[in-house]
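Here the structure is laid out as structure tokens; the discussion comes afterwards.
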Amino acid sequence: MPSVSVLQLDDVPARERFDFWWQAVAESVVSVDATSDRAGDFWAEMRTLDLGMVQLSQVRCVSFDARRGASHIRRSDADLYQLAVTVRGRSGLCQNQRDTRLEPSDLVLYDTARSFLAWTVSEGPNAAPSHGRRGEVAEGMILRFPHQALPLPVAMVEPLLAVPLPGRDGVGSLLAGLLHRLIAQPEWSACDLTRLSTILLDLVAALLGQRLDEDASAFQADPHHVLILRIKAFIEERLGDPELTPSIIAAGHYISVRQLHKLFQNAGLTVGGWIRERRLERCRRDLANPLMAHLPVGTIATHWGFTSQSHFNRVFQQAYDASPAMYRRLVREHGSSAP
């Protein structure tokens, strides 16, 4: 089964493309208010690869401005970092009173839990397939992951938000090259994807450490950082197993249960809380996916390791302020206005 999903606008009437696109972006990436001088002649395409803890998207589109404000953040269900790579055209990002302009090969990190303004300007002739003619199309890559997945303290990351990061050489070039290779290959095994997600997070941490003038190799050499990333990947591969327990996780990594709990405690997490959070996020994505609208809520919950329907309903309500059935209905009726 293909690992890369593709969103295109070819079959969407031209007058509906702009609104259709940004609703799809809100459901799969992040909700924003967008404007474009090409709204009446809009074209865009997105290829997305889900690696579990990490999602990667390749976006080609005409020029736009996108603003994320307090109202969007209040409706958010998770705090995410996004690492953007400018491939073609020019782009920019404003966050934390920093205004960054980016050229091809530049990278930038930003936080979806904070307001931001992002813009893209397409340059040069590029083929826009759905237009059937040549036009100007910008291209970029976006890597998304939860705050907790990055093996760096939030306080260390904050000074690097909306700061240009080099992508033409060194760690930045290695990371950008790997992102291109990942999205270009249509099929990956589930085990490959979860292992690759830990490699990507290590590279992001190394790139940020390099920008902070710290020893980037320390993040990879620190056995605690490496081990907890491996454990998270192990959990991600087995989220659907209702028998997944701290004992099984610890045994799979040749450590004691006490050591396992200590690792997560040092990262400000709990083992059970992390498993529950990842299962809930997987269920939320499936409930928002129109291709899975025919599946009962209970089937989705069971698929991701919940054995009790009442327990699932309760923890989902606590996490997203809506029951699973209500959340699915709100997404269907209101798109990005859902909680």
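Computed from a predicted model, the values in this text were never measured in an experiment. For reference, positions follow the sequence shown, starting with 1.
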Same apolar cluster: [X] and [Y], side chain cutoff 4.5 Å:
| X | Y | result |
| --- | --- | --- |
| V257 | L244 | no |
| V163 | L207 | no |
| V25 | L117 | no |
| I199 | L165 | yes |

So which atom in [X] and which in [Y] form the shortest heavy-atom distance, rounded to 0.1 Å?
| X | Y | answer |
| --- | --- | --- |
| Q82 | R144 | OE1-CD, 3.1 Å |
| C61 | A44 | CB-CB, 3.6 Å |
| F145 | V54 | CB-CG2, 4.0 Å |
| A118 | L93 | CB-CD1, 3.9 Å |
| S36 | F18 | CB-CE1, 3.6 Å |
| C283 | A301 | SG-CA, 4.0 Å |

| request: Walk me through it: do L175 and V85 pass the test side chain to side chain contact (heavy atoms under 4.5 Å, CB included)? | output: CA-CA 10 Å; L175 175 58; V85 185; over 6 Å; no

Interatomic spacing from [atom1] in [X] to [atom2] in [Y] - rounded to 0.5 Å:
| X | Y | atom1 | atom2 | value |
| --- | --- | --- | --- | --- |
| I183 | S57 | CD1 | OG | 6.5 Å |
| T302 | Q309 | OG1 | CD | 7.0 Å |
| R284 | R282 | CZ | CZ | 11.0 Å |
| M53 | I235 | CE | CD1 | 8.5 Å |
| M141 | L107 | CE | CG | 10.5 Å |
| R211 | L109 | CZ | CG | 12.0 Å |

Quick one, [X] and [Y] - any side-chain contact, counting heavy atoms below 4.5 Å?
| X | Y | value |
| --- | --- | --- |
| Q259 | L227 | no |
| L80 | V30 | no |
| Q265 | K262 | yes |
| D50 | L193 | no |
| T245 | V271 | no |
| N313 | S323 | no |
| F264 | T270 | no |
| L208 | L150 | yes |

| field | R230, CZ: over 12 other non-hydrogen atoms inside 6.0 angstrom | value |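 Not buried by this count: 12 neighbours or fewer within 6.0 Å.
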
| message | Just checking R67: does its CZ atom have more than 12 heavy atoms from other residues, nucleotides or ligands closer to it than 6.0 angstrom? | response |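 No, because the 6.0 Å sphere around CZ of R67 holds 12 heavy atoms or fewer from other groups.
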
Hey, does the side chain of [X] reach the backbone of [Y] with a donor-acceptor pair shorter than 3.5 angstrom?
| X | Y | answer |
| --- | --- | --- |
| R168 | P104 | yes |
| T120 | S91 | no |
| H180 | G177 | no |
| R88 | V137 | no |
| W188 | L51 | no |
| R90 | V121 | no |
| Q95 | L161 | no |

| task | Take E139 and E45 through the side chain to side chain contact (heavy atoms under 4.5 Å, CB included) test and state the conclusion after the steps. | result | CA-CA 9 Å; E139 181 178 338; E45 177 184 82; over 6 Å; no

| task | Tell me, with the steps shown, if V204 and Y81 meet side chain to side chain contact (heavy atoms under 4.5 Å, CB included). | result | CA-CA 11 Å; V204 173; Y81 289 126; over 6 Å; no

| task | In sequence, state the C-alpha distance, the side-chain angles, and the governing distance for R68 and D33, and then conclude on salt bridge (Lys or Arg N to Asp or Glu O under 4.0 Å). | result | CA-CA 6 Å; R68 181 168 170 82; D33 288 328; over 6 Å; no

| said: List the residues meeting ring-ring contact (aromatic ring centres under 6.0 Å, His included) with F234, not counting sequence neighbours, and say none if there are none. | reply: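 Expected list: H253.
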
| side-chain hydrogen bond (donor to acceptor under 3.5 Å, both in side chains) contacts in which one or both residues fall within residues 149-162, not counting sequence neighbours |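 Applying side-chain hydrogen bond (donor to acceptor under 3.5 Å, both in side chains) to every pair that reaches into residues 149-162, excluding sequence neighbours, yields N96-E158.
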
| said: Below 30° counts as parallel, above 60° as perpendicular, anything between as tilted: where do the rings of Y327 and Y320 land? | reply: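 Geometry flag for Y320 against Y327: tilted rings.
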
| Which class fits the ring pair W21 and F42: parallel under 30°, tilted 30 to 60°, perpendicular over 60°? |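 Plane angle between 30° and 60°, so tilted.
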
| Single hit among L9, I142, V29 for side-chain contact (heavy atoms from CB on, under 4.5 Å) with M46 |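 Among L9, I142, V29, the one that satisfies the side-chain contact (heavy atoms from CB on, under 4.5 Å) with M46 is V29.
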
| query | salt bridge (Lys or Arg N to Asp or Glu O under 4.0 Å) between R278 and E281: does it pass, once the steps are laid out? | reply | CA-CA 5 Å; R278 296 306 302 152; E281 171 60 14; 5.5 Å; no

| field | Derivation and outcome, side chain to side chain contact (heavy atoms under 4.5 Å, CB included), residues W22 and F64 | value | CA-CA 11 Å; W22 290 107; F64 69 85; 3.7 Å; yes

